[in-house]
Amino acid sequence: MKIKKIPSSEITPEHIYIDRRHFIKNLGLILGSTALSAFANKSFAALHTLPSFAQAKEREKEKLSSLKDITSYNNYYEFGTSKSDPYDYAEKLNIDPWSISIEGSVTKPLKLDLDELIKEMPLEERIYRLRCVEGWSMVIPWVGIPLHALLKKVSPNGNAKYVEFVSLKRPSEMIGQKDDMLDWPYTEGLRLDEAMHPLTILAVGLYGKVLPKQNGAPIRLVVPWKYGFKSIKAITKIRLVEKMPISTWMKANPKEYGFYANVNPKVDHPRWSQTTERRVGESLLTPRLKTQMFNGYQEEVAHLYQGMDLNRYF
Ligand SMILES: Nc1nc2c(c(=O)[nH]1)N[C@H]1C(S)=C(S)[C@@H](COP(=O)(O)O)O[C@H]1N2
Ligand SMILES: [Mo]
């Protein structure tokens with residue numbers, strides 16, 4: 001696979017890497033106490049203080065979305081379909097203990113406790129735009145593990161062509177799952193080369209702190225050149241497979257949601273245009289932004305789709 005150089009604006013230099021001990025300690029504390037887990041969900045102000053984050057902010061030309069917007073305007077149908085439901089209901093989810101298994105067409109299948117995973121894997125801060133298929137976007141400073149680092153550990157075999165991701169199914173704590181509007185658990189998929197691409201991360205934090213539950217704690221996928229629905233939250237299983245996985249949204253409505261879901265202003269959703277987007281948090285008087293091909297990551301990812309008809313493989 002050809003790995004293109006990522007512009008320095010997308011990669012965190014060594015000196016602003018998250019302090020791992022601090023992060024793990026912080027994670028342990030938050031997982032271990034309900035008082036503090038309330039803090040993870042509700043307190044915005046305390047999270048702005050990490051020095052690594054301040055430096056990342058200076059570097060980034062685009063204004064970051066506020067922590068308040070990032071954590072109170074969410075899509076997470078396990079907790080309901082309105083944008084405020086995840087903020088209101090995700091706190092109930094118990095994420096300790098949490099393990100993640102990586103299985104299927106691999107030489108060394110793994111089942112890892114989340115703490116072990118974070119201790120063993122590289123952690124980086126990445127500022128990415130997240131563009132929802134509904135036409136809004138945010139700029140989010142994630143803390144994450146490059147997915148390729150984890151996949152290399154399990155050593156995919158020759159039958160591994162795609163990667164399937166499976167979310168949690170626990171209707172007792174996920175009130176939206178009492179409704180069968182989607183086929184639970186939420187699942188997603190990537191082609192192996194997309195999963196191995198250096199921009200693809202498993203996020204475990206944002207704004208330098210552990211991931212708030214409404215954003216997919218304790219671990220969620222982030223694929224910045226694809227529509228937001230590909231970035232599956234609360235992952236419990238990663239399966240290397242030979243055939244293209246049918247994701248939850250493809251199953252629900254195959255005419256409207258394809259497997260690739262690359263951000264593309266030239267391919268409209270059947271019911272609306274994809275040419276512009278609204279940045280969450282901006283006033284309604286602010287003109288909409290032009291949506292960029294591959295959400296602005298064209299230079300890094302266009303080669304993955306060379307020769308493909310993007311109208312057909314939407
Ligand atoms: N498990 C799960 N993951 C999910 C979703 C969901 O409903 N369930 N919604 C997706 C959609 S449509 C979007 S736009 C993003 C939103 O991520 P954010 O709330 O962190 O901004 O999460 C994606 N991941
Ligand atoms: Mo979305």
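For the numbers below, each heavy atom of this structure counts, side chains included, while hydrogens, waters and symmetry mates do not. Just follow the structure's listing: the first ligand is 1, and inside any ligand the first atom is 1.
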Which atoms of ligand 1 sit under 4.0 Å from any heavy atom of N215?
-> 18 (P), 20 (O)
Quick one: which of E188, R131, M138, K233 has a heavy atom closest to atom 16 (C) of ligand 1?
-> K233
Protein heavy atom at shortest distance from atom 15 (C) of ligand 1 | G228 O, 3.5 Å
What is the ring orientation for Y305 with Y260, classed by angle as parallel under 30°, tilted 30 to 60°, or perpendicular over 60°?
-> perpendicular
Determine, considering heavy atoms only, which of W249, Y186, Y87, Y257 sits nearest to atom 4 (C) of ligand 1.
-> Y186
Give the residue, atom name and distance (to 0.1 Å) of the protein heavy atom nearest atom 17 (O) of ligand 1.
-> R220 NH2, 3.1 Å
Number the atoms of ligand 1 from 1 as they appear, then name those within less than 4.0 Å of a heavy atom of C132, with their elements.
-> 14 (S)
In the protein, what heavy atom is nearest to atom 24 (N) of ligand 1, and what distance, to one decimal place, separates them?
-> S231 O, 2.9 Å
Is the Y257-F229 ring centre distance short of 6.0 angstrom?
-> yes
Are W142 and Y207 an aromatic pair by the rule of ring centers under 6.0 Å?
-> no
Which residue supplies the protein heavy atom nearest to atom 8 (N) of ligand 1, what is that atom called, and how far is it?
-> E78 OE1, 2.8 Å
Hey, which atoms in ligand 1 end up nearer than 4.0 Å to a heavy atom of Y77?
-> 6 (C), 7 (O)
Element-labelled atoms of ligand 1 that are located less than 4.0 Å from some non-hydrogen atom of I232 | 3 (N), 24 (N)
Taking the six-membered ring of F294, is NZ or CZ of K226 closer than 6.0 Å to its centre and within 45° of its axis?
-> no
Test salt bridge (Lys or Arg N to Asp or Glu O under 4.0 Å) applied to K169 - qualifying residues, sequence neighbours left out | none
Give yes or no for whether the N/O distance cutoff of 3.5 Å, strictly under, is met between N75 and ligand 1.
-> yes
Contact region, E134 to ligand 1, non-hydrogen atoms below 4.0 Å, reads neither
Is any NZ, NE, NH1 or NH2 atom of the basic residue among E173 and R170 found under 4.0 Å from an Asp or Glu carboxylate oxygen of the other?
-> yes
Is the cationic atom of R220 (NZ for Lys, CZ for Arg) positioned less than 6.0 Å from the six-membered ring centroid of Y76 and within 45 degrees of its normal?
-> no
With sequence neighbours excluded, tell me which residues meet salt bridge (Lys or Arg N to Asp or Glu O under 4.0 Å) with R288.
-> none
